[in-house]
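Everything below concerns the one structure shown next.
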Amino acid sequence: MAKWTAFPYDDVDYHLDAAALKKQWARLHMGDAEPLPKDDKVLAAWALFHAGEFQKACEAGLKAGGAGITVANKAQAIYANYLEKSEKTKLAMFQEVAERAEAQAAEDPKNPNALYWMAYALGRYSQGISVAKALAQGLGNKVKTALETTIKLAPKHADAHIALGAFHAEVIDKVGKLLGRTQGADAATGLKLYQQALKLNPSSAIAMIEYANGLVMLEGDKRMKEAEKLYAQAAESEPADAMERLDVEMAKEELED
């Protein structure tokens, strides 16, 4: 495995020992509804993830196997999305996560995060190659079905609500309402999903950012002030781990643009 770019912020230490991680688990996993692992090796992989040591977390998760695959998938997907500079490497990483998560879902069909990380990786891959091209390849339906199933299996999965909201918004934004309808995309449904995500995880910076993006994609300039307010809220939120710190920094960039 080539060396990944290091987490760029060292003003705060997000390292947690096993006891502290268990104590903060519910707060840290409000977005993905991942259950507290029984395996100490998987818990140790999660500690690396929350500290921003994404490559080590991915390697430790793969080594642990089982529930560790979820840590590996999340670490690689988050790293690829936020920190990987090469577009080619980023797309390859998303493809790898999607394949690994699909295999995990085939083995454990009632695991919501196997389906979620498959959908997340395919969604980000689709954005990379162009949404229209991805829809032509049938990826849209795959993403939508996986996210709907994730929500059926884990109704409190806030991140799946965000991602499904983003599916509706992205499709309508890129191919229009009429063509979007043929892909099962609907503006009102998208907005409801974002709102539900924020109800489930009110302090989530990424939910605020994605909702702001969705408002602009679906309703244009008339919702810009509302979107800017959401970006500002996200930028001011207090990150509890490395991933949340990346979200907050992204919100600050959106405000500057």
Side-chain angles (χ1 to χ4, degrees), residues 1-84 89-90 93-94 96-101 103-105 108 111-121 123-124 150 154 157-160 162-163 201 203-207 209 237-250:
M1 208 183 261
K3 193 151 172 55
W4 295 6
T5 303
F7 179 70
Y9 307 104
D10 56 6
D11 55 329
V12 180
D13 186 357
Y14 295 111
H15 285 84
L16 297 167
D17 62 21
L21 179 51
K22 283 178 184 176
K23 203 177 273 187
Q24 290 193 44
W25 188 266
R27 158 69 182 84
L28 288 165
H29 290 271
M30 205 175 270
D32 66 3
E34 178 70 11
L36 180 69
K38 295 180 177 83
D39 184 337
D40 288 346
K41 285 177 184 171
V42 177
L43 191 70
W46 277 114
L48 289 165
F49 170 82
H50 292 299
E53 296 194 43
F54 298 125
Q55 185 165 17
K56 284 183 183 173
C58 183
E59 287 165 356
L62 291 175
K63 202 173 172 187
I69 302 298
T70 304
V71 196
N73 288 340
K74 185 166 187 173
Q76 186 167 324
I78 294 301
Y79 167 80
N81 191 50
Y82 291 91
L83 296 173
E84 178 51 53
T89 305
K90 186 185 284 197
M93 284 181 130
F94 285 138
E96 192 176 29
V97 171
E99 284 163 17
R100 207 160 51 212
Q104 187 188 20
D108 185 5
N111 181 339
N113 277 324
L115 289 160
Y116 173 74
W117 288 109
M118 180 185 83
Y120 179 97
R124 293 299 187 201
T150 302
H157 200 301
D159 292 350
I162 296 169
N201 194 4
S203 63
S204 168
I206 195 62
I209 293 165
S237 59
E238 194 58 52
D241 73 350
M243 182 188 75
E244 290 185 8
R245 176 65 184 274
L246 292 168
D247 292 332
V248 168
E249 295 300 329
M250 183 165 72

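No side-chain heavy atom of I162 sits under 4.5 Å from any side-chain heavy atom of N201. Here the side chains of K74 and M243 are in contact, with some heavy-atom distance below 4.5 Å. A 4.5 Å side-chain heavy-atom check between L62 and R100 finds at least one atom pair inside the cut-off. In this structure, W4 and E84 have side chains that are not in contact, with every pair of non-hydrogen atoms separated by 4.5 Å or more. With contacts defined as side-chain heavy-atom distances shorter than 4.5 Å, the pair D159/T150 does not qualify. Taking 4.5 Å as the limit, every side-chain heavy atom of Y79 sits out of range of all side-chain heavy atoms of Q55. Side-chain contact between R27 and S203 is present, with at least one heavy-atom pair separated by less than 4.5 Å. In this structure the side chain of N73 never reaches within 4.5 angstrom of the side chain of M118, judged on heavy atoms.
Of all the heavy atoms in C58 and A72, the pair that sits closest is O-CB, 3.5 Å. Taking every heavy atom of both residues into account, T70 and N113 meet most closely at CG2-CB, 3.8 Å. Contact between W117 and A101 at its shortest, heavy atoms only, is C-CB, 4.0 Å. Between V42 and A64, the shortest heavy-atom distance links the atoms CG2-CB, 3.9 Å. In terms of heavy-atom proximity, Q76 sits nearest to M93 at NE2-O, 3.1 Å. The heavy-atom pair separating A57 from V71 by the smallest distance is O-CG1, 4.2 Å.
Looking at K63 and E59, no side-chain N of the basic residue comes within less than 4.0 Å of a carboxylate O on the acidic one, giving no salt bridge.
Put simply, CG on D247 and CD1 on I206 are 4.0 Å apart, with the number rounded to the nearest 0.5 Å. A distance of 12.5 Å separates CG in L43 from NZ in K38, rounded to the nearest 0.5 Å. Atom CG of L16 and atom CD of Q24 lie 5.0 Å apart (nearest 0.5 Å).
Annotation: ring-ring contact (aromatic ring centres under 6.0 Å, His included) contacts involving residues 50-71, sequence neighbours excluded, comprise H29-H50, W46-H50, F49-F54.
Of the possible donor and acceptor atoms, one in the side chain of W25 sits under 3.5 Å from a partner among the backbone N and O of E34.
Taking the ring centre of Y9 as origin, the terminal cationic atom of R245 falls inside the region bounded by 6.0 Å and 45° from the ring axis.
Remark: K90 NZ is packed, more than 12 non-hydrogen atoms of other residues, nucleotides or ligands lying under 6.0 Å away.
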**Message:** For Y120 and N81: C-alpha separation, side-chain torsions, deciding distance, then whether side-chain hydrogen bond (donor to acceptor under 3.5 Å, both in side chains) applies.
**Reply:** CA-CA 10 Å; Y120 179 97; N81 191 50; 3.3 Å; yes
